Amino acid sequence: MAISVKDALSKTAPVPSVAVQGWVRTRRDSKDFSFIELNDGSSLGNLQIIARDSLENYADVQRLTTGSSVRVEGELVASQGKGQQWELVARKIDIVGRADDSYPLQKKGHTPEFLREIAHLRPRSNLFGSVFRVRSRLAFAIHQFFQERGFVYVHTPIITGSDCEGAGELFRVTTLDLKNPPKTKEGLVDQTKDFFARSTYLTVSGQLEAEAFACALSKVYTFGPTFRAENSNTSRHASEFWMIEPEMAFTDLNGDMDLAEQLVKYLVYAIQSNSEEELQLFAKFVDKDLISRLDFVVERPFQRITYTDAVDLLKKSGEKFEFPVEYGLNLQSEHERWLTEKHFKSPVTVFNYPKEIKPFYMRTNDDGKTVTAMDLLVPGIGEIVGGSQREERLDVLEKNLRDHKMDLADYKWYLDLRRYGTVPHSGFGLGFERMLMFVTGVSNIRDVIPFARTPGSAEF
RNA sequence: UCCAGAGUAGCUCAGUGGUAGAGCGGUCGGCUGUUAACCGAUUGGUCGUAGGUUCGAAUCCUACCUCUGGAGCCA
C-alpha cells in the first residue's frame with residue numbers, strides 16, 4: 001500500500017517498509033548509487049530516493065529521465081545529506097512509464113507563458129502544482145465559510161433563458177443545424193424549433209435565481225461556472241470562470257458589505273493557515289510582497305467610501321489621471337488603483353453609485369439619484385466583488401425595468417418575488433479566480449485556471 | 001475591440017544589410033552523499049507566416065498570425 005510523498009515527508013520516525021509512487025523531477029548519479037527526486041503532487045516538496053547499484057534493474061534506473069513515473073518500495077530513513085529530513089532507500093523500483101528526452105519541463109525555472117502552452121503538463125511544475133492545490137483549498141474554504149454561517153448552497157442553472165442583466169455578451173446554446181436552420185415565415189431563424197423551444201444561453205450570473213431561493217431559504221450562496229462571451233483580452237478576464245454569489249433576505253447594503261469583508265478575510269486566513277508552503281513559494285518566485293499584503297488584509301478593517309466621496313477624493317488628489325474624474329462617470333482602473341494602492345493602501349469598498357451607471361435590479365436610495373451598489377476593490381487586481389441591495393419594491397422595480405427599456409413579461413417570475421412577501425435583500429458576486437490571484441500573487445487569470453478559455457483560445 | 005511591445009535551437013536570450021550565436025537543457029564520458037552539483041565533449045535552426053526591396057535580408061518595407069503589457073467591458 002503506497003503512501004503519499006507528503007505523508008512520507010511528515011513522518012516522525014523511520015519506517016522500515018513503505019511504498020511511494022510519482023513522477024521523477026530530477027535524477028543525479030553518485031559513485032555507486034543514484035539520487036531520484038520524486039514528486040506526486042501531494043505537496044510542494046520532493047522525496048529523495050536512494051537507488052543503490054545493487055538494484056537488479058539499476059541500469060534501467062540510471063536511464064530514468066525527468067517526467068518518468070515510478071513506484072518505489074524501501075526504507076524511510078533519516079537523510080545523511082543536508083536539505084531534507086527523510087529519504088527513501090529503495091529496495092525495489094518499478095518503472096511505470098518512461099518519458100523521452102522531448103519532455104519539455106526542465107529542472108530550471110520556466111516562464112508562465114511557456115508553461116501556459118503546455119497546460120496538460122504544467123501542473124507537474126512547482127508553481128502550477130501549488131496554484132492548483134491552493135485553488136482546491138480556496139474552494140473548500142468558501143463552502144466552509146458559508147456552511148458555518150447557515151447558508152444553503154444552491155445550484156442555479158447553467159443553461160438559462162434569460163439574458164437578464166443585459167451586461168455582457170452571451171454564449172448561445174443551441175442544437176439547431178447552423179447550415180440549415182428552420183425558418184419562420186418572415187425568414188428568420190425559428191427559435192421555437194430549438195431544443196428548449198426558445199433561445200437559450202450559458203449563464204452570466206445565478207443572481208436572479210439565487211434571489212428566488214433567498215426569498216425562501218433566507219441565506220443562500222451559489223458557487224459555479226459562469227460564462228461571458230465578451231471579447232476581453234486582459235489578464236483579469238476569462239470567458240469561463242467561477243463565481244460565488246451569496247444572497248441574503250432581510251439584509252441591507254451594510255450587511256452585504258460586512259459579509260463581503262468577512263468572506264475575503266476568512267479566505268485569506270484559510271490559505272495562510274493551510275497553504276503556508278505554497279505561499280512561501282509564491283512569495284519567493286511570484287510576488288515578494290505577498291505575505292505582508294495578506295497579513296495586512298486580515299488585520300485591518302477595509303475602507304468604506306461612497307462613490308460621491310471617492311470622486312471628491314480623486315478630484316482633490318492632485319494626481320494626473322489619463323481619464324477624467326466626474327460625478328456620473330465610471331471609475332477607471334487608474335482611479336481604483338489610486339484609491340487602493342496609493343491613498344488607502346488597503347482594500348476599499350465603494351458604495352452608493354449613480355443609478356445611471358448600474359443595472360436595473362439595484363435598490364434606489366432615498367436621494368433618488370444613487371443606488372445601493374458596492375464594489376470591493378483590492379490592490380493589484382481591482383474589482384473582486386460587485387454587489388448591491390436589490391430593489392424589493394414592486395412599483396420601483398417595474399419602473400426601473402421600463403427605464404432600462406426591458407420587457408416586463410420576461411421578468412414575470414422575478415417580479416413575483418416582490419409581489420408575494422417581498423423583503424429587503426442583498427447579495428454580491430465574488431470572482432473566484434480573482435480571489436485566487438489575490439491570495440497567490442499570480443498576475444494572470446489564465447494561470448489560475450486549469451485549462452483557461454479566453455477569446456480565440458479553447459485548446460485542451 | 002483599441003494602443004504599445006515581442007516572435008531566432010527544447011527553454012531564456014544576443015545578433016540592426018555580408019558565413020546563424022551564447023547560456024541552460026538533452027546526449028556521451030569523467031568525478032562526486034548529491035541538492036537549480038561539478039569538469040570535458042557533443043547535439044541542436046523553415047530566424048512566426050506570406051509577399052516585397054536589395055548583388056545579398058534574422059536585420060529594411062507591407063499584410064497576416066500568435067503571444068505579452070496596458071485600456072474598455074466586468075467577476
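Here the structure is a predicted model, which means the values were calculated and not measured.
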Polar-atom pairs under 3.5 Å, protein N or O versus N or O of nucleotides 38-42 of chain B: list them with distances, or write none.
none

From CZ (A:Arg293) to NZ (A:Lys345), nearest 0.5 Å: 14.5 Å
Taking the six-membered ring for Trp and the single ring otherwise, decide whether the centroids of A:Tyr201 and A:Phe171 are under 6.0 Å apart. no
Using whole Å, report how far CD of A:Glu37 lies from C1' of B:rU34. 9 Å
Touch class at under 4.0 angstrom, heavy-atom based, for A:Gln84 against every strand present: base
Donor-acceptor pair present, A:Ser232 side chain and B:rC74 base, under 3.5 Å: no
Mind running salt bridge (charged side-chain N to carboxylate O under 4.0 Å, His left out) on A:Arg135 and A:Glu433 for me, showing each step along the way? CA-CA 8 Å; A:Arg135 186 179 170 113; A:Glu433 282 80 9; 3.0 Å; yes
So, does A:Ser275 use its side chain to make a donor-acceptor pair with the main chain of A:Glu278 at under 3.5 Å? no
Can you figure out which of B:rG25, B:rA75, B:rG33 approaches the side chain of A:Ile445 most closely? B:rA75
Can you tell me, in whole Å, how much space there is between the C1' of B:rU34 and that of B:rC38? 11 Å
Separation of atom CG in A:Asn330 from atom C1' in B:rA71, rounded to whole Å: 14 Å
Could you please name the option among B:rA75, B:rA37, B:rU32 that lies closest to any side-chain atom of A:Lys107? B:rA37
Flag the pair A:Phe323 / A:His335 as yes when their ring centroid distance falls below 6.0 Å, and as no otherwise. no
Pairwise N/O distances under 3.5 Å, protein to nucleotides 10-14 of chain B:
unit_1, atom_1, unit_2, atom_2, d
B:rG10, N2, A:Gln106, NE2, 2.7
B:rG10, N3, A:Gln106, NE2, 3.4
B:rU12, OP1, A:Thr111, OG1, 3.1

What interatomic distance, in whole Å, is found between C1' of B:rG7 and the corresponding atom of B:rG45? 15 Å
Collect all protein-nucleotide pairs involving nucleotides 43-50 of chain B in which both atoms are nitrogen or oxygen and the distance is under 3.5 Å.
none

Report, one line per pair, each donor and acceptor closer than 3.5 Å where one atom sits in a side chain of residues 347-355 of chain A; sequence neighbours left out.
unit_1, atom_1, unit_2, atom_2, d
A:Asn352, OD1, A:Asn365, ND2, 3.1
A:Tyr353, OH, A:Asp375, OD2, 3.3

Anything under 30° is parallel, anything over 60° is perpendicular, the rest tilted; go ahead and classify A:Tyr414 against A:Tyr411. perpendicular
For B:rC28, the Watson-Crick or wobble counterpart (both distances under 3.5 Å): B:rG40
Ring centres within less than 5.5 Å and planes less than 30° apart: is that true of A:Phe35 and B:rG33 in this structure? no
Could one point to a donor on the side chain of A:Asn233 or the base of B:rU1 with an acceptor on the other under 3.5 Å away? yes
Check: A:Pro455 and A:Ser239 side chains under 4.5 Å, non-hydrogen atoms: yes
Answer yes or no for A:Arg434 and A:Phe432: cation-pi contact, defined as NZ/CZ to six-membered ring centre under 6.0 Å and angle to ring axis within 45°. no
Let me know the distance between CZ of A:Phe428 and C1' of B:rC74, rounded to the nearest Å. 16 Å
Pairwise C1' distance, B:rU1 and B:rC73 [rounded to whole Å]: 10 Å
Does B:rA50 pair with anything, Watson-Crick or G-U wobble, both distances under 3.5 Å, and if so, with which nucleotide? B:rU62
Can you tell me how far P of B:rA75 sits from CD of A:Glu247, to the nearest Å? 14 Å
NA contact type, A:Asp101, heavy-atom cut-off 4.0 Å: base, sugar-phosphate, or nothing? sugar-phosphate
Within residues 66-79 of chain A, which residues have any heavy atom lying less than 4.0 Å from an atom of RNA chain B? A:Ser79
Quick check: any donor-acceptor pair below 3.5 Å linking the side-chain of A:Arg446 to the base of B:rC67? no
Could you tell me the separation between the CZ atom of A:Phe33 and the CD atom of A:Gln62, rounded to the nearest 0.5 Å? 11.5 Å
Quick check for you: among B:rA75, B:rG69, B:rU35, whose closest atom lies nearest to any side-chain atom of A:Asn444? B:rG69
Output the residues of residues 375-386 of chain A in contact with RNA chain B, where contact means a heavy atom of the residue under 4.0 Å from an atom of the strand; sort by number or write none. A:Glu383, A:Ile384, A:Val385, A:Gly386
NA contact type, A:Glu433, heavy-atom cut-off 4.0 Å: base, sugar-phosphate, or nothing? nothing
Send over the distance from A:Phe285 CZ to B:rA36 C1', rounded to a whole Å. 9 Å
With heavy atoms under 4.0 Å as the rule, sort A:Phe323 into base, sugar-phosphate or nothing. sugar-phosphate
Ring centres under 6.0 angstrom apart (A:His143, A:Tyr221): yes
Tell me whether the OP1 or OP2 atom of B:rU34 has a side-chain N or O from A:Ser30 closer than 4.0 Å. no
Given the structure, check if the side chain of A:Glu87 and the base of B:rG33 hold any donor-acceptor pair shorter than 3.5 Å. yes
I'd like the P distance from B:rU16 over to B:rA58, given in whole Å. 13 Å
With rounding to whole Å, what would you report as the distance between B:rA57 and B:rA20 at their P atoms? 11 Å
Between A:Gln84 and A:Ser79, do the side chains contain a donor N or O and an acceptor N or O under 3.5 Å apart? yes
Just how far, in rounded Å, is C1' of B:rC73 from CG of A:Asn231? 10 Å
Quick one: do A:Glu117 and A:Arg122 satisfy salt bridge (charged side-chain N to carboxylate O under 4.0 Å, His left out)? Show the steps, please. CA-CA 9 Å; A:Glu117 294 168 20; A:Arg122 69 178 181 169; over 6 Å; no
Side chain of A:Arg52: nearest nucleotide among B:rA75, B:rG33, B:rC73? B:rG33
P atoms of B:rG51 and B:rC47, separation to the nearest Å: 13 Å
With RNA chain B as reference, determine whether A:Phe33 or A:His237 sits nearer its 5' end, using the nearest nucleotide of each. A:Phe33
Which whole-number value in Å describes the distance from A:Arg28 CZ to B:rU34 C1'? 5 Å
B:rG17 versus B:rC13 - spacing of their P atoms, nearest Å: 23 Å
Please classify the nucleic acid contact of A:Thr234 as base, sugar-phosphate, or nothing, using heavy-atom distances under 4.0 Å. base
Remember a base hit wins even if backbone is also touched, and classify A:Gly429 as base, sugar-phosphate or nothing at under 4.0 Å, heavy atoms. sugar-phosphate
Pick the C1' atom in B:rC60 and in B:rG18, then give their distance to the nearest Å. 15 Å
Result of checking A:Lys219, A:Arg390, A:Gln207 against A:Glu247 for side-chain hydrogen bond (donor to acceptor under 3.5 Å, both in side chains): A:Arg390
Tell me what A:Arg337 touches on the nucleic acid: a base, only sugar-phosphate, or nothing, going by heavy atoms under 4.0 Å. sugar-phosphate
Check the distance between B:rU35's C1' and A:Ile49's CD1 and give it to me in whole angstrom. 14 Å
